[in-house]
Amino acid sequence: MKSIKVVIIILSPFLVAWFALFFGAYDVSPLMVIKILINEGFHFFEIGDIPEKAIIFDIRLPRVLLAGIVGAALSCAGVTLQGIFRNPLVDPFILGISAGAAFGCAITIGFLSFLPLQFTAFIFAIISVIIAYSIARFQGEVSRLPLILSGIIVSAFFTAMVSIVKFLVDPHKLQSIVYWLMGSFSLADWRAVKISLLGFLAGVLPIFLMRWRLNVMSMGDEEAKALGVHVKRERILFIAFSTLAVATATSLCGIIGWVGLMVPHLVRMLTGPDHKTLVPLSISAGAAFMIAADTISRTLTSFDIPVGIITALTGAPFFIYLMKRGGKEAWGK
Amino acid sequence: MLEIKNLSFRHKDSKEDLLKNISFDAYKGQITTILGPNGSGKTTLFKCILGYWKPSKGDIIYDGSSIRDLSYSKRAKILSIVPQEHEPPFPYSVFDVVLMGRASHIGIFSTPSKKDYEIAEKCLDIVGIFHLKDKSYTKISGGERQLTLIARALAQDTPIMLLDEPTSHLDFRNQIVVLKKIKEIAINNSLVILMTLHDPNMAGIFSDKLILINSGLKIAEGRSNEIISETHIKKVYGVEVIRIKFDGYNLIHPKI
């Protein structure tokens with residue numbers, strides 16, 4: 001039973017991606033999608049310069065890939081931080097990444113428009129985590145609670161700074177800021193896919209390799225130490241890799257909430273809490289979920305709804321469902 | 001042999017020593033039990049041995065070499081700890097929990113190998129809970145959880161095993177089940193077993209050696225018949241007891 005679920009979750013992003021490629025304003029048949037993809041790779045047969053080709057390769061495929069990679073990164077960081085903070089309700093933005101990135105975005109749009117937005121968003125996302133970690137260190141040995149508290153402090157600070165910028169800029173720029181904060185893949189192109197892939201390799205891949213340690217880390221600091229884990233060093237590594245993954249993702253597509261919280265929960269309910277399987281399955285399910293959410297966001301109405309709205313709209317009912325049914329299972333209480 | 005030598009400990013800003021010059025030895029294949037009231041320094045002593053707290057004076061020696069300042073990964077190859085049973089935040093299976101004992105043998109960028117799986121299964125078998133393998137650790141009884149943690153410590157494959165009040169949350173039957181298992185493992189695997197217990201009678205029956213401590217000081221050390229006496233119990237716990245000799249054991253019961 002469990003192995004069937006595992007196979008389905010592993011295959012889900014590919015299946016969802018295929019759907020996403022033929023859904024859209026311009027009709028492309030499901031078979032044509034496969035034909036075009038195969039043809040590009042192997043040149044079995046000639047299909048000529050049809051418009052579908054451009055739609056698939058220049059518009060839909062980069063967008064699907066970007067959504068998949070970002071979903072995978074957010075979900076992987078979520079499951080990692082939930083493990084090291086020993087709390088299933090932690091999300092990837094707990095250390096202030098989203099507020100930092102938002103501030104980076106706001107000052108770029110507002111005042112420093114000569115800088116690339118993605119760059120400043122990325123830098124401030126990283127800076128916010130470094131500040132949060134440094135504040136926690138004032139206490140002496142860094143442990144969970146001070147880290148969460150300093151994450152809240154940093155988030156509050158940068159959120160206030162974003163508000164100041166929003167207050168000062170002209171309405172046109174304000175609109176751009178607000179739109180970016182809601183998260184969207186409408187600007188996806190191959191360059192963004194390549195950058196997201198770099199973030200994926202730098203952040204998600206090492207977490208995947210270290211995933212079993214999360215089991216041990218989640219037993220608490222003292223126990224992990226007694227089991228031979230260098231808790232301080234490994235926690236910094238996990239935080240650093242998660243931060244790289246999330247900061248890259250956020251800088252490319254804005255702030256997309258709920259995915260990193262919801263997907264690991266769902267996978268934990270379906271296939272259990274062992275991080276050896278939980279991490280890869282969360283990566284896979286995160287990709288599938290994000291591609292699906294983005295497909296809905298661009299096909300539901302005649303214009304692009306920010307995908308962050310779709311994920312938030314699914315998040316609330318999902319947690320009501322969790323509280324009613326599987327919550328006990330998933331939270332272990 | 002584990003030697004604790006003149007161990008003292010005090011917190012950074014404190015003037016009071018929580019451990020005062022404690023020395024004793026613990027031997028292979030034997031159970032050495034530390035007995036003392038709450039706040040006597042049992043937990044502090046364990047924290048020092050485990051390296052969570054640095055002793056202000058003294059040394060901890062295993063087979064001739066000091067393990068006082070070892071890194072956690074090296075220490076985990078010599079010492080394992082069975083903590084008091086607890087609930088982890090996620091409902092891991094019993095097998096997942098036992099497998100965690102292998103952490104010090106597995107590289108940071110890798111996952112347990114086939115050999116690690118075999119060792120974990122063997123340890124479940126030794127402790128006699130193989131049938132619980134796939135059960136959720138959060139859904140088994142306190143006694144079974146304690147046995148799971150013992151299996152995990154066994155999987156760690158260390159010559160010394162520490163147990164922190166292994167019977168404190170257990171009913172009478174489970175206390176006996178767990179202590180018998182500990183005794184069996186100590187002999188079969190010739191481990192140095194060092195544990196703390198609350199009940200002087202249980203400690204006397206199951207231990208080869210007792211260390212009596214109070215307010216950070218070692219009061220007495222010896223075989224259980226030498227330690228379980230009216231005067232010692234009165235001195236450490238401050239209660240009047242009557243000693244009964246039965247079947248070669250010294251037992252105590254409170255005066256009422």
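Note that this is a predicted model, so its numbers are computed, not measured. Lettering follows sequence order; numbering is per chain, from 1.
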More than 12 non-hydrogen atoms from neighbouring residues, nucleotides or ligands closer than 6.0 Å to [atom1] on [X], yes or no?
| X | atom1 | result |
| --- | --- | --- |
| B:K57 | NZ | yes |
| B:K5 | NZ | no |
| B:K183 | NZ | yes |
| A:K232 | NZ | no |
| B:K135 | NZ | no |

Tell me, out of B:P83, B:A153, B:P112, who's got the most heavy-atom pairs with chain A below 4.5 Å.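 Maximum pair count with chain A is reached by B:P112.
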Quick one: of B:K47, B:K77, B:H105, who has the most non-hydrogen atom pairs under 4.5 Å with chain A?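 Among the listed options, the one with the most contacts to chain A is B:K47.
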Might you point out which heavy atoms bring [X] and [Y] nearest each other, and give the distance in Å?
| X | Y | answer |
| --- | --- | --- |
| B:Y92 | A:L214 | OH-O, 4.1 Å |
| A:R213 | B:I108 | CG-O, 3.7 Å |
| A:P88 | B:F90 | CB-CE2, 3.9 Å |

Could you please state which residues from residues 223-230 of chain A sit under 4.5 angstrom from chain B, measuring non-hydrogen atom to non-hydrogen atom, sorted by number, or 'none'? A:E223, A:K225, A:A226, A:L227, A:G228, A:V229
Residues from residues 273-285 of chain A approaching chain B under 4.5 Å (heavy atoms):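 Answer by number: A:P273, A:D274, A:H275, A:K276.
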Between [X] and chain A, with a heavy-atom cut-off of 4.5 Å, which part of the residue counts as in contact: side chain, backbone, both or neither?
| X | answer |
| --- | --- |
| B:L162 | neither |
| B:H86 | side chain |
| B:F109 | both |

Among A:M210, A:E222, A:E234, which residue forms the greatest number of heavy-atom pairs with chain B at distances under 4.5 Å?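 Most heavy-atom pairs under 4.5 Å with chain B: A:E222.
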Go through it in stages, so that I can follow the logic: the residues are A:M219 and B:R152, the test is side chain to side chain contact (heavy atoms under 4.5 Å, CB included), and I'd like the CA-CA distance, side-chain angles, deciding distance and then a yes or no. CA-CA 13 Å; A:M219 298 304 275; B:R152 185 181 76 181; 3.8 Å; yes
Evaluate the side chain to side chain contact (heavy atoms under 4.5 Å, CB included) criterion for residues B:S110 and A:W212: first the C-alpha distance (whole Å), next the side-chain angles of each, then the deciding distance (0.1 Å), finally the verdict. CA-CA 7 Å; B:S110 58; A:W212 185 74; over 6 Å; no
